[in-house]
Amino acid sequence: GNFWYDFNGQIPFNDLGLIQYGGDYLTLNFTQIPLVFNESGLPLGMSWAVTLNGITVTSTTNTITFSVTSGNYSYQISEISGYRTSQSSGYINVINSSISQNITFTQVLYNVTFNEKGLSSGTWGITINGETKNAGAGQNITLSLPNGTYQYNVSQVNGYESNIQSGYVYVNNGSSS
């Protein structure tokens, strides 16, 4: 950018913004430095965002880059339902060279509990996503699942009939139905 340098301390512009006397323009060069945020842990194509000093950039790739000059910058990572990061906000000091900030997202898992009642003996089970978890009579089964909709099947126990053979469980930020 340009900066007006006035030799005599007087305002060099008239009311129309035109130069009326003295001074000269000095060119000030500000080097643009890449400030790169690298994301890991999100599914390919999932949108995420970084706000740097009030400017928000969103991406569906694993990289967000800002062009900055040397200085101190505050950043905040936008929340994503079903994920968390330990680096949700912070400060970065940029001094004449490129800076990278790694942001790691981890998927939040929520406990879903299936309750068994009525078995006096035997083993029962729940199958979700092709994986079966078994428990003995009188025991509950708890699974840790991310947000989503899951079909489940109840394994049959000889000599007993379950009132539910299959169904869907809906997990949404800690609540399930």
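Quick note: residue numbers are just sequence positions, from 1.
For the pair T51 (side chain) and T56 (backbone), a donor-acceptor distance under 3.5 Å is absent. Under the 3.5 Å distance criterion, the side-chain polar atoms of Q87 are left unmatched by any main-chain donor or acceptor of G90. A donor-acceptor pair under 3.5 Å is formed between the side chain of K133 and the backbone N or O of T142. Here the side chain of Q139 pairs a donor or acceptor atom with the backbone of G136 at under 3.5 angstrom.
What you find for G41 and E39 is that their closest heavy atoms are N-OE2, 3.2 Å. In terms of heavy-atom proximity, I33 sits nearest to T69 at CD1-C, 4.2 Å. Counting all heavy atoms, side chain and backbone alike, V157 lies closest to S121 at CG1-O, 4.5 Å. In terms of heavy atoms, Y110 sits closest to G82 at OH-CA, 4.4 Å. Here the shortest heavy-atom pairing between S120 and A137 reads C-CB, 3.8 Å. A pairwise comparison of heavy atoms in S155 and G125 identifies OG-N, 2.6 Å as the closest pair.
Contact annotation: the side chain of V171 approaches that of V112 to within less than 4.5 Å [non-hydrogen atoms, C-beta and beyond]. Using a 4.5 Å heavy-atom threshold, the side chains of N72 and Y91 count as separate. At least one side-chain heavy atom of I64 sits under 4.5 Å from a side-chain heavy atom of W48. Considering only heavy atoms from C-beta on, V94 comes within 4.5 Å of Y73 through its side chain. V36 has its side chain within reach of T63: a pair of non-hydrogen atoms, C-beta onward, lies under 4.5 Å apart. With contacts defined as side-chain heavy-atom distances shorter than 4.5 Å, the pair L145/I128 qualifies. Using a 4.5 Å heavy-atom cutoff, the side chains of R84 and F105 are not in contact.
In this structure, F114 has its ring center closer than 6.0 angstrom to the ring center of Y152. Taking the six-membered ring for Trp and the full ring otherwise, the centers of Y75 and F37 sit less than 6.0 Å from each other.
A donor atom on one side chain and an acceptor atom on the other are found under 3.5 Å apart for T61 and S59. A donor and an acceptor atom, one from each side chain of T123 and N134, are nowhere located under 3.5 Å apart. Using modelled atom types and a 3.5 Å distance limit, the side chains of S47 and T60 yield no donor-acceptor pair. Judged purely by distance below 3.5 Å, without hydrogens or angles, the side chains of N147 and N172 never pair a donor atom with an acceptor atom. For the residue pair T31/N96, the side-chain donor-acceptor check at 3.5 Å is not satisfied. No donor-acceptor contact under 3.5 angstrom links the side chains of N153 and T127, judged on distance only.
If you take CD on Q165 and CD on Q156, they are separated by 5.0 Å, rounding to the nearest 0.5 Å. In this structure, the separation between OG on S144 and CG on N111 is 4.0 Å, given to the nearest 0.5 Å. Atom CG of residue L143 and atom CD1 of residue I126 lie 7.5 Å apart, to the nearest 0.5 angstrom. The distance from the OG1 atom of T113 to the CD1 atom of I141 is 10.0 Å, given to the nearest 0.5 Å. Note that the CH2 atom of W124 and the CD atom of E116 stand 6.5 Å from one another [nearest 0.5 Å]. The distance from the NZ atom of K117 to the CG atom of L119 is 12.5 Å, given to the nearest 0.5 Å.
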Practice item. Tell me, with the steps shown, if V154 and S166 meet side chain to side chain contact (heavy atoms under 4.5 Å, CB included). Key: CA-CA 6 Å; V154 179; S166 65; over 6 Å; no

**Study point:** Chi angles and distances behind the side chain to side chain donor-acceptor pair (under 3.5 Å) call for S40, N102
**Key:** CA-CA 8 Å; S40 63; N102 294 324; over 6 Å; no

Practice item. Begin from the C-alpha positions of S88 and Q76 and carry the test side chain to side chain contact (heavy atoms under 4.5 Å, CB included) through to its verdict. Key: CA-CA 6 Å; S88 60; Q76 183 162 355; 5.8 Å; no

Exercise for review: Go through L42 and I80 one step at a time and tell me if the side chain to side chain contact (heavy atoms under 4.5 Å, CB included) criterion holds.
Suggested key: CA-CA 10 Å; L42 292 178; I80 298 175; 3.6 Å; yes

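None of V57, I103, I77, T65 except one satisfies the side-chain contact (heavy atoms from CB on, under 4.5 Å) rule with V50; the exception is I77.
No more than 12 heavy atoms of other residues, nucleotides or ligands sit less than 6.0 Å from atom CD of E131.
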